[in-house]
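Structure first, commentary second.
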Amino acid sequence: MPPADGAPRGFRLAWILALAYLLVIAYASLQPFRGWRQPPEVVLRFLFAPWPRYITLDDILINLIAYVPLGFLLALGLRARFGAGVAVAIATLLAVATSLSMEGMQMFLPSRIASNIDLLANGAGALFGALAAPLLSPHGFPGSRLAALRQRLFVPGTLADGGLVIVFLWLFTHLHPTAQLFGTGNLRNTLELPAYFIHTPQLLLFAEAAVVFFNLLGLGLLISALLRAASKPRLPVAAVIGAGLLTKVVAVIALAHSSGLLAWLTPGVILGLLAGALLLHPLVDLARPAKIAIAMVCFCAAIAAINLAPDNPYQTVPPQLLAGGHSHFLRFSAIIRALSELWPFLAVAYLLTAAGAGAVRTSS
């Protein structure tokens, strides 16, 4: 139930984010999308199954954390029409219904295991997120400050809000410490695509550079297209890209030994960053329609480059590099991997919508 047309923009943005996160949850929950079969018994029999003999704290925390953003965003969006208590209750119920649907559909996938423990953890996470929603309400602090900053820097309108969501989600694609920097849209493992080229150091160098180069250009042009005409585009673009690099470093520090801290900063990545930054510098001054068109081409080229590139040895980092073992990391990375694979396609879909609507409207 979307908010009314007169609802504050912050509430509409919460709904857009919630829908985007729902898509990521569904994608992550239903991988690998093959081997569907009829379950041997009632679909929802897992609800009444005995609890597993061994329950790890890592598994519970990961399932809990996965649904915190969903509960938060749903409650924030519902605040446009309901009081705080009702919004929290409805948001939690909607999140639990989502989790129940995902667990039920996993009964049709032999590679997935539906669990009542996962359902309870997801529901608890959604409740915690919903209870935190008032903190970032557009009517309270610090939500009102963030809303004012958004209004001052970026063009108005729901279409621009969608673009900000795309940029926001991009930051989270860096949480997987073993993926190439800017390496979104890699569908080779999910779709079991073959390696089209034999690995050589030179080919891998240029492939990594191309992936970073095209993604950097596309992202920078997308951000600059969302800024108001009076804004200086280079500083916000650099700030977002810097935040992405910082997120990558933090993810590696948290999940890998220090010996692999900068393993993602390969010569190909450095080459792509330098070449992309040099070309992006003059392109951010183009007209908005031109920036949207070029960004769309860049993202399409980046998708092609990463799926045609030879295998990257860094993406097959051994589990012993991951601190504290790898089972909980693999569970956590399901959502991050799903977001990473889907992100450039979401960006292209958004840019197509923006181009069809005459681009993001200019505002002083």
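One is the number of the first residue; the rest follow in order along the sequence.
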May I ask you to decide if [Y]'s main-chain N or O and [X]'s side chain share a donor-acceptor pair within less than 3.5 Å?
X	Y	answer
R228	V155	no
R188	A309	yes
N122	S99	no
K291	L283	no
N307	G185	yes
H281	A277	no

If you define the side chain from C-beta out and look only at heavy atoms, does anything of [X] sit under 4.5 Å from [Y]?
X	Y	value
L127	V88	yes
L120	N116	no
N215	L219	no
Y21	T98	no
L280	V284	yes

Handout entry: Over 12 foreign heavy atoms within 6.0 Å of CZ, F206
Key = no
How long is the gap from [atom1] on [X] to [atom2] on [Y], to the nearest 0.5 Å?
X	Y	atom1	atom2	result
I303	C298	CD1	SG	11.5 Å
T247	F172	OG1	CZ	8.0 Å
L131	T92	CG	OG1	6.5 Å
L342	L23	CG	CG	5.5 Å
I306	N186	CD1	CG	4.5 Å
E103	L119	CD	CG	6.5 Å

Handout entry: side-chain contact (heavy atoms from CB on, under 4.5 Å) between V249 and L245, worked out
Key = CA-CA 6 Å; V249 172; L245 297 176; 5.7 Å; no
Exercise for the section: Kindly indicate, with the supporting measurements, whether the criterion side-chain contact (heavy atoms from CB on, under 4.5 Å) is fulfilled by L78 and W15. Expected result: CA-CA 9 Å; L78 287 164; W15 279 104; 3.9 Å; yes
If you look at every heavy atom in [X] and [Y], which pair is closest and at what distance?
X	Y	answer
A95	L74	N-CD1, 4.2 Å
L181	L273	CD2-CD1, 4.2 Å
A20	L169	CB-CD1, 3.9 Å
R79	A87	CD-CB, 3.9 Å
G276	L217	O-CD2, 3.6 Å
V348	C300	CG2-SG, 4.2 Å

Problem - Among F345, Y350, W343, ring pair (Phe, Tyr, Trp, His ring centres under 6.0 Å) partner for F299 - result: W343
ILVMFWY cluster, [X] and [Y] together (side-chain gap under 4.5 Å):
X	Y	result
V167	L352	yes
F72	F82	yes
L205	L265	no
L76	I90	yes
L93	L70	no

